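Input: a single structure, listed below in structure tokens.
For clarity, every value in this text was computed on a predicted model and none was experimentally measured.
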Amino acid sequence: ENRRLKFLSLPNVTSIGSFFLDSNEELKNIYLPKVRTIGNYFLRYNEKLENVKLPHVIEIGSGFISSANKIKNIELPLVEKIGQGFLSDNKIIEKINIKNVREIPQYFLSENRKLTKLELPKVEKIPDYFLSKNENLTYLRLSNAIEIGDCVLKENTGLKSIYAPYLYKIGNRCLVKNKNLYFLYLPELRTIGDSFLKYDYNIKKMYIPKLAKIGKGVLSYWDKIEPENKISTQTQEKSNKKKQILYIKRQKQYASFTH
């Protein structure tokens with residue numbers, strides 16, 4: 001607990017153990033250009049920390065920079081694996097570069113209320129409680145995801161669109177109370193769990209041509225939907241291959257798709 005350290009440079013260190021610089025009151029910037037692995041609770045409770053660049057880190061333990069309430073920017077371009085509690089309770093973080101990550105834990109980036117954009121091009125499995133209550137996140141790109149767990153993307157009130165071209169399965173209670181979500185592009189999706197899009201009353205359009213199984217309570221409690229709007233299905237034929245396009249428009253208490 002070195003509480004007065006303001007800047008730290010360790011140019012030759014390659015590995016850091018657990019509880020490194022825990023509870024430092026003055027540290028604002030840290031430079032660790034050669035570090036590859038980081039243990040648990042790295043830089044926890046560093047109240048003035050603003051910027052962190054770790055250009056060669058590939059693995060991070062649990063509790064990474066948790067409760068550092070002034071941090072705005074994180075650069076982790078090579079990280080592949082992240083432990084539990086990653087950046088938890090960091091209310092003002094705006095930008096994160098983790099495009100190389102392949103494995104993320106439950107409760108990943110929950111309640112990071114200033115984050116506006118996130119890209120995870122190499123993550124295949126999205127865990128439970130992923131990105132819940134992120135009020136300013138407007139766009140999410142999951143280029144390689146094939147499966148989503150339970151309670152994912154709940155109450156992301158700013159989220160408008162999701163791009164997930166290979167997503168195959170969605171768990172229960174996902175995308176609940178996302179009042180500004182209006183478009184989903186899910187061309188490979190086969191299975192949707194219970195309560196999907198519950199209370200998402202602004203959804204206008206989906207592309208889900210291969211959907212085969214739908215759980216209970218999907219698209220329920222659409223109290224503000226105008227009754228004259230309907231869900232329609234349109235089939236087109238191109239190059240002797242039929243494609244189904246599912247358009248979802250506003251509707252009142254309509255809880256089923258046609259495929």
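Between the SG atom in Cys151 and the CG atom in Leu131 there is a gap of 13.5 Å [rounded to 0.5 Å]. Taken from CG in Leu87 to CD1 in Ile60, the straight-line distance is 8.0 Å, to the nearest 0.5 Å. Considering CG of Leu118 and CZ of Arg141, their distance stands at 12.0 Å, rounded to 0.5 Å. Here CG of Leu54 is found 5.5 Å from CG of Leu76. Values are rounded to the nearest 0.5 Å. Here the OH-CD distance, from Tyr107 to Gln84, works out to 9.0 Å after rounding to the nearest 0.5 Å. To the nearest 0.5 Å, the span separating CG on Leu175 from CG on Leu184 amounts to 6.0 Å.
Within the 3.5 Å criterion, the main-chain N or O of Lys34 finds no donor-acceptor partner in the side chain of His56. Side chain of Asn202 to main chain of Lys179: a donor-acceptor pair is present (N/O by atom type, distance under 3.5 Å, no hydrogens or angles). With hydrogens and angles ignored, the 3.5 Å screen pairs a side-chain donor or acceptor of Asn180 with a backbone N or O of Thr157. Listed for the Ser143 side chain is no donor-acceptor partner under 3.5 Å among the backbone atoms of Pro121.
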**Report entry** Worked check of side-chain contact (heavy atoms from CB on, under 4.5 Å) between Arg36 and Val57
**Finding:** CA-CA 4 Å; Arg36 302 275 290 173; Val57 167; over 6 Å; no
Report task. Decide side-chain contact (heavy atoms from CB on, under 4.5 Å) for Asn97 and Ile74; before the verdict, give the C-alpha distance in whole Å, the side-chain angles of both, and the deciding distance to 0.1 Å. Result -> CA-CA 6 Å; Asn97 179 4; Ile74 296 283; over 6 Å; no
Requested in this report: Might you work through the side-chain contact (heavy atoms from CB on, under 4.5 Å) test for Leu142 and Val123, ending with a clear yes or no?
Outcome: CA-CA 7 Å; Leu142 301 171; Val123 175; 5.9 Å; no
Query - Ile65 vs Asn46, side-chain contact (heavy atoms from CB on, under 4.5 Å): CA-CA, chis, key distance, verdict - result: CA-CA 8 Å; Ile65 313 185; Asn46 279 256; over 6 Å; no
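Through chains of ILVMFWY side-chain contacts below 4.5 Å, Tyr41 is grouped with Phe19.
Using a 4.5 Å heavy-atom threshold, the side chains of Asp150 and Cys174 count as separate. For the pair Phe86 and Leu109, the minimum side-chain heavy-atom distance is below 4.5 Å. Side-chain contact check for Ile148 versus Leu167: some heavy-atom pair is nearer than 4.5 Å. The shortest side-chain heavy-atom distance between Tyr199 and Val176 falls under the 4.5 Å cut-off. Side-chain atoms of Val35 and Thr14, non-hydrogen and from C-beta on, never get closer than 4.5 Å to each other. Between Leu181 and Leu159 there is a side-chain heavy-atom pair separated by less than 4.5 Å. Here the side chains of Phe108 and Ile82 are in contact, with some heavy-atom distance below 4.5 Å. Phe42 is listed as a side-chain neighbour of Leu32, based on a closest heavy-atom distance under 4.5 Å.
Nearest heavy-atom pair, Gly83 versus Pro105, reported as atom, atom and distance to 0.1 Å: O-CG, 2.9 Å. Across every non-hydrogen atom of Arg44 and Asp22, the tightest pair is NE-OD1, 2.9 Å. Scanning both residues, Val101 and Glu103, for their nearest heavy atoms gives CG2-O, 3.6 Å. The two residues Asn178 and Asn156 make their nearest non-hydrogen contact at OD1-O, 2.8 Å. The minimum heavy-atom distance linking Pro77 with Pro55 is given by the pair CG-O, 3.7 Å. Counting all heavy atoms, side chain and backbone alike, Phe183 lies closest to Ile203 at N-CD1, 3.9 Å.
Cluster annotation: Val152 and Ile214 are assigned to the same hydrophobic cluster (Ile/Leu/Val/Met/Phe/Trp/Tyr, side-chain heavy-atom contacts under 4.5 Å, transitive). Under the 4.5 Å side-chain heavy-atom criterion for ILVMFWY residues, no single connected hydrophobic cluster contains both Val52 and Tyr45. Residues Val218 and Leu186 share a hydrophobic cluster, clusters being chains of Ile/Leu/Val/Met/Phe/Trp/Tyr side chains in contact below 4.5 Å. Ile104 and Ile146 fall into different hydrophobic clusters, defined by Ile, Leu, Val, Met, Phe, Trp and Tyr side-chain heavy atoms under 4.5 Å apart, directly or through other members. The cluster map of Ile, Leu, Val, Met, Phe, Trp and Tyr, joined by side-chain heavy atoms under 4.5 Å apart, puts Leu27 and Ile38 in the same cluster.
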Quick one: side chains of residues 187-197, donor-acceptor pairs under 3.5 Å with protein atoms, not counting sequence neighbours, listed by atom name and distance.
| unit_1 | atom_1 | unit_2 | atom_2 | d |
| --- | --- | --- | --- | --- |
| Glu188 | OE1 | Arg190 | NH1 | 2.8 |
| Glu188 | OE1 | Lys210 | NZ | 3.1 |
| Glu188 | OE2 | Lys210 | NZ | 3.1 |
| Arg190 | NH1 | Glu188 | O | 2.9 |
| Asp194 | OD1 | Lys216 | N | 2.7 |

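Side-chain contact annotation: Lys122 with Asn100, donor-acceptor N/O pair under 3.5 Å present. Looking at Ser15 and Thr37, their side chains do bring a donor and an acceptor atom within 3.5 Å of each other.
Screening Ile71, Asn24, Asn29 for a side chain to side chain contact (heavy atoms under 4.5 Å, CB included) involving Leu49 leaves a single residue, Ile71.
Ion pairing between Lys6 and Glu26 fails under the 4.0 Å rule for side-chain N and carboxylate O. Residues Lys117 and Glu119 are paired through a salt bridge, judged by an N-O separation under 4.0 Å between the basic side chain and the carboxylate.
Within 6.0 Å of atom CZ in Phe20, more than 12 heavy atoms from other residues, nucleotides or ligands are found, so the atom counts as buried in its surroundings.
Note on residues 135-169: pairs passing ring-ring contact (aromatic ring centres under 6.0 Å, His included), not counting sequence neighbours, are Tyr163-Tyr185.
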